[in-house]
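So the structure is just underneath, and the comments pick up after that.
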Amino acid sequence: MPELPEVETVRRGLEPAMTGARFVAVEARRPDLRFAFPADFARRLSGQTVLSMGRRAKYLLADLSSGDVLVMHLGMTGRFLITAPDGGMLEPGEFANEVVEDSKHDHVVFRLSNGFTITYNDVRRFGFMDLVPRVGLETSRHFKAMGIEPLGNELSGETIERLFEGKAAPLKAALLDQGLIAGLGNIYVCEALNRAGLAPERPAGTLTEKQAGKLATVIREVLEEAVEAGGSTLKDYRHTDGSLGYFQHRFRVYDREGEPCTTPRCKGTIERLVQSGRSTYWCRACQH
DNA sequence: AATACCCCCTGAGTGC
DNA sequence: TGCACTCAGGGGGTAT
């Protein structure tokens, strides 16, 4: 269930197992995930070394010695399992209170020269993998229309004002628009709007300079907190007792319909509404 | 151009 | 035990 912080957590987990390693064998157990695997997927990966593991928005990027980039998206349910040379299994993410065997949905297996095996598991198969030449990656189909990186230097109040200028679309939709800011998902948009005191249905183009600045600040804040929470799980993602990491991170509004708002001095109650077919959680008492 | 809706897929949870 | 229905963290495509 990855949003940007979860993808970043997965990247950090995969990095030590994959960087510097060579693909010894690649197995795609079906012809497609959300999309067909690229032609000669296994052959183009085999023998290549992973130079580095990167991320852009919710996309994982493995830079290969061949000059290709292995682009991986986790969709809604994608996850990686790491099997160490000693046979221990790890999941580089915050959802692993325990490593659950679910080989039915193991769709891709990477066997690496360092003895690690990386298995991609995806129940709903909304994830995908692609191979794109590094030269021109930014203008390739996945990235050409992509908005700014919310944890990058581009995110600021001024940028948000410029991106949202004249927009009648509700803030919720504008923030979910990957062509404006790339990487915000349903949870963190709800959380950021609550922290910023902004109503999800408010037209995006109506933000004041001060409000846009506040929004930029809380977006960065909520994402960084979540990355930190995910990271804490990384230290103990095998046989964790549930007391660590992501699951201790309480969302303030997401999936909390009917609960009291946690904003200081606010007496409101969290409500759910549907926007563009997706649930929005918010407090009408403190978000305007 | 901008916005709204439907869809891909499987499984978990709920109510009867 | 089963069945019908709703919902799920993403995002691409199409209709308006």
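Model, not experiment: these values are computed from the prediction. Quick note on labels: first sequence line is chain A, next is B, and so on, each numbered from 1.
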What's the [atom1]-[atom2] distance between [X] and [N], to the nearest Å?
X: A:Gln275; N: C:dG10; atom1: CD; atom2: P; result: 14 Å
X: A:Leu273; N: B:dA4; atom1: CG; atom2: P; result: 13 Å
X: A:Asp32; N: B:dC8; atom1: CG; atom2: P; result: 14 Å
X: A:Arg125; N: C:dA8; atom1: CZ; atom2: C1'; result: 17 Å
X: A:His107; N: B:dT10; atom1: NE2; atom2: P; result: 9 Å
X: A:Leu33; N: C:dG12; atom1: CG; atom2: P; result: 15 Å
X: A:Phe126; N: C:dG13; atom1: CZ; atom2: P; result: 14 Å
X: A:Lys144; N: C:dG12; atom1: NZ; atom2: P; result: 10 Å

Quick one: list whatever passes side-chain contact (heavy atoms from CB on, under 4.5 Å) with [X], sequence neighbours left out.
X: A:Thr19; answer: A:Glu15, A:Met53
X: A:Arg30; answer: A:Asp32, A:His107, A:Arg125
X: A:Phe37; answer: A:Ala28, A:Leu33, A:Phe41, A:Val108, A:Met129
X: A:Glu224; answer: A:Leu151, A:Arg220

Give me the distances for all protein-to-nucleotides 11-14 of chain B N/O pairs that come in under 3.5 Å?
unit_1	atom_1	unit_2	atom_2	d
B:dG11	OP1	A:Lys104	NZ	3.0
B:dG11	OP1	A:His105	NE2	2.9

Ion pair present between A:Glu149 and A:Arg56, side-chain N to carboxylate O less than 4.0 angstrom?
yes
Carboxylate-amine/guanidinium contact A:Glu158 A:Arg162, below 4.0 Å:
no
Could you identify which residues of residues 168-179 of chain A place a heavy atom less than 4.0 Å from some atom of DNA chain B, listed by residue number, or say none?
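Here the set is A:Ala168, A:Ala169.
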Watson-Crick or G-U pairs under 3.5 Å in DNA chain B, rendered as dot-bracket with [ ] for crossing pairs and | for another strand:
.|||||||.|||||||
B:dA1 and C:dG11, which share atom name P, separated by this distance in whole Å
22 Å
Rounding to an integer number of angstrom, what distance separates B:dC9 and C:dC3 when you compare their P atoms?
22 Å
Base, sugar-phosphate or nothing for A:Tyr59? Non-hydrogen atoms, less than 4.0 Å.
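Touches sugar-phosphate only.
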With a 4.0 Å cut-off on heavy atoms, is A:Gly277 in touch with a base, just the backbone sugar-phosphate, or nothing at all?
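No contact at all - A:Gly277 keeps every heavy atom at 4.0 Å or more from the nucleic acid.
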Give every donor-acceptor pair under 3.5 Å between a side-chain atom in residues 112-119 of chain A and any protein atom, sequence neighbours left out.
unit_1	atom_1	unit_2	atom_2	d
A:Ser113	OG	A:Arg22	N	2.8
A:Asn114	OD1	A:Phe116	N	3.0
A:Asn114	ND2	A:Ala17	O	2.7

Would you mind writing out the side-chain donor-acceptor pairs for residues 163-184 of chain A within the sub-3.5 Å range, not counting sequence neighbours?
unit_1	atom_1	unit_2	atom_2	d
A:Lys172	NZ	A:Asn186	OD1	2.7
A:Lys172	NZ	A:Ser279	O	3.2
A:Lys172	NZ	A:Thr280	OG1	2.7
A:Asp177	OD1	A:Gly179	N	2.8
A:Gln178	OE1	A:Gly183	N	2.8
A:Gln178	NE2	A:Leu176	O	2.9
A:Gln178	NE2	A:Leu184	O	3.0

[X]: partners by salt bridge (Lys or Arg N to Asp or Glu O under 4.0 Å), with sequence neighbours left out:
X: A:Glu271; answer: A:Arg284
X: A:Arg134; answer: A:Asp63
X: A:Glu259; answer: A:Arg250, A:Arg256

Verify the contact: side-chain N or O of A:Arg278 to OP1 or OP2 of C:dG10, cut-off strictly under 4.0 Å; return yes or no.
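Yes, A:Arg278 has a side-chain N/O under 4.0 Å of OP1/OP2 on C:dG10.
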Is the phosphate of C:dA8 approached by A:Ser279 (side-chain N or O, under 4.0 Å from OP1 or OP2)?
yes
A:Arg124 (side chain) and B:dC9 (base): donor-acceptor pair under 3.5 Å:
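Flag set: donor-acceptor pair detected.
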Proximity to the side chain of A:Lys58 - top-ranked nucleotide from B:dC9, C:dG10, C:dA8
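Of all the options, the side chain of A:Lys58 is nearest to C:dG10.
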Heavy-atom neighbours of A:Arg44 CZ exceed 12 at 6.0 Å:
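Yes, CZ of A:Arg44 has more than 12 neighbouring heavy atoms, counting only those of other groups under 6.0 Å.
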